[in-house]
Amino acid sequence: MTRERRSMATRAVHAGGKPPPSVTAPKVPPIYTSSVFTFDYLEQIDDVYEGRTPGYVYSRQRNPGIDLLEEAVSSLECGSEAVAFASGMAAITCSVLALAQSGDHVVAGRVLYGGTHTFFKEDLPKRGVETTFVDTNDLDEVRSAVRPNTKLVYCETISNPLMEVADLAALSEIAHGAGALLVVDNTFVSPVLCRPLEHGADISINSTTKYLNGHSDVTGGVAVCAPYVAGDSAGDRAGELRAGGGSRTKAQSPAAKVRALAALYGPTPSPFDAWLTVRGLRTVDLRIRKCSENALRLARFLAEHPKVGVVHYPGLESSSCHALGKKYLSGGYGGMLSFELRGGTLESARALIDSLRMVELVPSLAGVSTTVSHPGKTSHRAIPPEERGAYGVGDGLIRVSVGIEDYADIEEDFRQALDAVPVA
Ligand SMILES: Cc1ncc(COP(=O)(O)O)c(C=O)c1O
C-alpha cells in the first residue's frame, strides 16, 4: 500500500515522524523529548547494549540532550564522567547510596544544606549506614572520626548557610588515607570558582537548580567523578582493606556505580530541563563573577554597618575562612553571604526582611536577582532550633544570594531596610 492510500488514522499516527534530511546541523542541539529510540533490525539492540555501536535505547537510562549536559558540567568541573539527575538532592542521595552500603560509615560536615543533613541523619541509618557529623575545619576531629569502615567523607566547598570554606586537599588526604572517597557539594561556588576534583575530591556535585542553570527555572543536579584507574583509587583500596587485602572482584568505577543506580532508580532529568541548563550554563562564568563582585561589596557594607552583628563571607579579610577562600577560590568568593543583626533575634531578622523593597524573600539561591532567605524557617527547618543554634544557624540568621543587578541598587535596598529596623 502506498503512503497516500493509508487511512486517515494511520497517516495521523505516522506522518511527520522523521526529521527531513539535511547536510547542515542545527547551531543549537535540539531537545530530544523522545522517551525511546527505534532500531533498524533486532541484532542492533545487542550492538547498542554491548557498546559496539553508539546509540540510545531508553531515556531513563540515557538521552542525547542529557548526555550533552553531563559532558558540559564534566568539562567545567574538569572531571572524567558525569551523571545528571532531576534535582541536587537526587544527585547527592544517589551518589551516596551507590557508594555506601549497609555496615559502612560516613563522616560528614555538621554544617550542610538541611536536606543533606536530614538524609545523613535520618534516612541513611535506616539503610544501615551510620554518619558521624564533624566540624570539617577541625582536621583532628575529622581524623579521629574516620573508622576502618568509613566509605565517604562528605562536605560542601562553602557550607550552607555559614559560608565556611572546606580544606579540600587536607580532607582528601584524610579520606584517601583511610581508603575512603571525598564527596564535595560544590553548589555554592560552582566550578567557575573552585573545581574540587583538582584538590583531590573524587566526586563533585552541583545542584544545577542554582548557579549552573542560574535562572530559577529548572530543578536539577549533576555528580561529576574524577578520572578512575582500577586498583588505584581510594574506593578500590577501601574494598581491599575490608577484604583483608585478598582477591578483589572486578572493580567498578564510582561513576559506573552511580550511573547504574541512577538507571535503576530513575531520578532522570527531563530533556527540556537538561536543555535549559546547558543554555543557562553558557553564561555561568559572567554571572558568578558579577555576583561575587557585588557580594564582596555588600559584605563590606554590612560588616561596617552599626546595626549589623556578624557577617559570614570568606572574602572579608576578617573571616576565619579568608585564608582557605584565597587558597581554593579563584575569580571571587561567590555570591552567597549570611549575616545577623546585632542581638540576632527572629524579630530583627523579620523586620529587615519585611522592609526590603527590591530584594525578594526566596527560599532558594543563585538566580540572577538578589534574594534573601531565612535558613531557620526554610533550608534548615527540619533541624531542631537548639541543634542548629549551637553551631551558628540561629533564628536571627539571614542568608543573601547576591545577584547581578547594578550594585548601587542592591546596597540602597539594604540601606533603607536597615534604616527601618529598630536599634537592638
Ligand atoms: C548546598 C546545596 N546542596 C544541595 C541542595 C539541593 O538541591 P536541589 O534543591 O536541587 O535538590 C541545595 C538546595 O538548596 C543546596 O543549597
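In listed order, ligands and their atoms are each counted from 1.
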Can a donor-acceptor pair be found, under 3.5 Å and without considering hydrogens, that links the side chain of Ser190 to the backbone of Thr187? no
Considering residues, nucleotides and ligands other than Tyr58, do more than 12 of their heavy atoms fall under 6.0 Å from its OH? no
Present, as a list of atom pairs with distances to 0.1 Å, all nitrogen or oxygen contacts under 3.5 Å between ligand 1 and the protein.
residue  : atom   : partner : partner atom : Å
ligand 1 : 3 (N)  : Asp185  : OD2          : 2.6
ligand 1 : 7 (O)  : Ser207  : OG           : 3.1
ligand 1 : 10 (O) : Gly88   : N            : 2.8
ligand 1 : 10 (O) : Ser207  : OG           : 2.8
ligand 1 : 10 (O) : Thr209  : OG1          : 2.6
ligand 1 : 11 (O) : Gly88   : N            : 3.1
ligand 1 : 11 (O) : Met89   : N            : 2.8
ligand 1 : 14 (O) : Lys210  : NZ           : 2.9
ligand 1 : 16 (O) : Asn160  : ND2          : 3.0

Test log, rule salt bridge (Lys or Arg N to Asp or Glu O under 4.0 Å), inputs Arg388 and Asp395: CA-CA 9 Å; Arg388 57 178 167 75; Asp395 285 341; 3.1 Å; yes
Residue list, side-chain hydrogen bond (donor to acceptor under 3.5 Å, both in side chains) with Arg381, at least two apart or on another chain: none
Partners meeting salt bridge (Lys or Arg N to Asp or Glu O under 4.0 Å) with Glu122 (sequence neighbours left out): none
So ring-ring contact (aromatic ring centres under 6.0 Å, His included) across residues 255-302, not counting sequence neighbours, yields Phe301-His305
